[in-house]
Protein chains: 2
Amino acid sequence: MPVRTASSKTRDLLIDVAAGEIHRHGYQGANLDRILNSASVTKGALYHYFGSKQALGYAVFDERIAKLIRDRWLSPVMMEGDPIGAMQGVLQVFHDTSDLDSVELGCPLNNLAQEMSPLDEGFRERIDALFEEWERGFAAALALGQSKGRVKRDIDPETTAMFIVSALEGCFGLAKSSRKMNVIRARLNAVSGYLESLRVKTKGR
Amino acid sequence: MPVRTASSKTRDLLIDVAAGEIHRHGYQGANLDRILNSASVTKGALYHYFGSKQALGYAVFDERIAKLIRDRWLSPVMMEGDPIGAMQGVLQVFHDTSDLDSVELGCPLNNLAQEMSPLDEGFRERIDALFEEWERGFAAALALGQSKGRVKRDIDPETTAMFIVSALEGCFGLAKSSRKMNVIRARLNAVSGYLESLRVKTKGR
DNA sequence: ACTGGCATACCAACCAGTATGTATGGACCG
DNA sequence: CGGTCCATACATACTGGTTGGTATGCCAGT
């Protein structure tokens with residue numbers, strides 16, 4: 001019988017390790033025994049907290065992947081008068097902190113989207129909702145930027161937000177296969193250049 | 001012992017059915033028995049032509065996926081003085097011929113890239129080479145378009161080609177999870193709008 | 001003494017791969 | 001021209017390892 005307590009050290013550890021395993025092997029390729037081994041936790045503990053592999057996967061999504069997107073990609077861009085600058089800042093953070101290994105594994109959200117959307121309705125709904133939240137947030141930020149005169153008036157915030165998120169995920173997705181840091185840098189620069197084209201140039205620069 | 005003949009009805013059928021299975025379930029999730037059943041072919045025949053599941057997967061990539069990218073996305077854009085128009089045409093073809101089912105399964109190349117790049121070096125090399133071929137082709141087409149005065153001079157063909165392919169794959173990747181045709185249309189329109197921004201407006205228009 | 005929080009042993013299904021058999025058609029020989 | 005041989009092209013049955021899931025037991029804290 002699943003437990004009601006929201007948090008537990010063991011439960012958190014399991015989700016962390018499972019997140020890593022899913023990030024590398026995908027959901028279908030994720031191996032429970034490998035997770036258990038790597039977390040030094042037994043199967044009894046796992047099934048004490050999660051009713052199934054699927055439940056564990058959903059928990060990884062709800063409590064890790066969604067949080068990652070919100071904390072690293074969405075929140076820094078909200079509540080800013082200068083969304084373009086904020087997005088550039090997020091890209092810069094990624095640029096500075098990413099190593100080849102993290103790039104090689106790609107975006108956990110995008111990975112799961114490609115793998116599980118056609119196979120599991122529960123995953124699909126979660127993924128769709130999170131992408132929508134992300135794009136809604138960017139659209140609102142762009143609209144705010146427009147009203148503050150920092151973002152060009154002639155773009156549609158919704159369409160542009162969709163395009164930005166798509167291009168971002170596309171860049172990370174392609175970067176996975178190249179395994180060359182300079183290629184990844186070049187892709188990010190391309191996004192950066194596009195973002196810059198949305199900005200209203202202030203005289204001072 | 002594998003066979004030497006380049007083509008065979010049974011072999012072709014197997015690759016076709018396997019391509020469909022991999023498209024839906026991913027490579028790891030693809031089930032040989034399901035492929036066999038759906039193709040009405042026995043396991044003996046499969047292992048007569050392919051030494052392993054991996055060999056079948058590579059064949060699907062080399063003989064179906066690579067061909068799809070070249071025929072549908074790359075070739076129509078090459079050898080044209082007007083690459084932007086050609087790309088818009090390709091998008092239009094996709095727009096007209098795609099149904100919800102095909103959109104839901106996404107781009108086979110992108111699917112495989114996200115799933116297999118970190119797991120199998122053979123797949124990774126193939127995927128990387130194909131993306132590079134695609135982007136090189138687009139870059140050449142853009143450069144040609146510049147020399148003919150149809151594409152803006154102030155863009156870098158290589159960077160722009162990378163960005164276009166990334167944005168395209170990103171759009172298809174995100175569209176998978178939405179399962180709403182109008183969302184997909186909107187994403188394609190966003191790409192379309194970006195492409196248009198690269199074009200040199202001719203007076204006649 | 002009872003509940004939460006595990007630990008251990010086990011199971012049954014699934015699935016890639018294999019061992020072995022067979023039919024068919026062409027090459028080669030007499 | 002007829003028979004033998006042999007490679008190709010499958011077909012069938014089976015296996016061994018993997019893997020998600022379960023049954024059961026134990027133990028510490030309240």
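Note on naming: letters A, B, ... go to the chains in the order of the sequence lines (proteins, then strands), and numbering restarts at 1 for each one. Keep in mind that this is a model prediction, so the values were computed, not measured.
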Whichever of Ser40(B) and Asp33(A) has its nearest DNA chain D nucleotide further upstream toward 5': Ser40(B)
Mapping Gly44(A) and Asn31(A) onto DNA chain D by nearest heavy atom, which one lands closer to the 5' end? Asn31(A)
Looking only at the side chains, is there a donor atom on one of Asp96(A) and Gln92(A) sitting less than 3.5 Å from an acceptor on the other? yes
Value in whole Å for how far the C1' atom of dA16(C) lies from CD1 of Ile35(B): 11 Å
Whole angstroms only, please: what is the CZ-P distance between Phe50(A) and dG20(D)? 15 Å
Which nucleotide sits closest to the side chain of Tyr49(A): dG21(D), dG5(C), dA16(C)? dG5(C)
Indicate whether OP1 or OP2 belonging to dG5(C) is found under 4.0 Å from a side-chain N or O atom of His48(A). yes
NA contact type, Ala30(B), heavy-atom cut-off 4.0 Å: base, sugar-phosphate, or nothing? sugar-phosphate
Classify the ring geometry of Trp73(A) against Trp134(A): parallel below 30°, tilted from 30° to 60°, perpendicular beyond 60°. tilted
Whole angstrom value for the distance that separates C1' of dT18(D) from NE2 of His25(A): 14 Å
Mind calculating the distance between CG (Leu56(A)) and C1' (dT19(D)) to the nearest angstrom? 14 Å
Is there a donor in the side chain of Asn31(B) and an acceptor in the side chain of Glu21(B), or the other way round, less than 3.5 Å apart? no
From NZ of Lys9(B) across to P of dA9(D) the rounded distance in Å is 15 Å
What's the CG-P distance between Leu14(A) and dG20(D), to the nearest Å? 14 Å
Under 3.5 Å, is there a donor-acceptor pair linking the side chains of Gln28(B) and Glu115(A)? no
Just say parallel, tilted or perpendicular for the rings of Phe172(A) and Phe94(A), cut-offs at 30° and 60°. tilted
Please state how far atom CG in Leu46(A) lies from atom P in dT8(C), giving the value in whole angstrom units. 15 Å
Between the side-chain atoms of Lys43(B) and the base atoms of dA16(C), is any donor-acceptor pair under 3.5 Å? yes
Heavy atoms from C-beta onward define the side chain here; which of dT22(D), dA7(C), dA16(C) lies closest to that of Tyr47(A)? dT22(D)
Which whole-number value in Å describes the distance from Leu36(B) CG to dA13(D) P? 14 Å
Is Ser52(B) near enough to dG17(C) that one of its side-chain N or O atoms lies under 4.0 angstrom from OP1 or OP2? no
If you only use heavy atoms from C-beta on, which nucleotide in dA11(D), dG20(D), dG17(C) is closest to the side chain of Lys53(A)? dG20(D)
Per Leu32(A) side chain, nearest of listed nucleotides dG21(D), dC6(C), dA11(D): dG21(D)
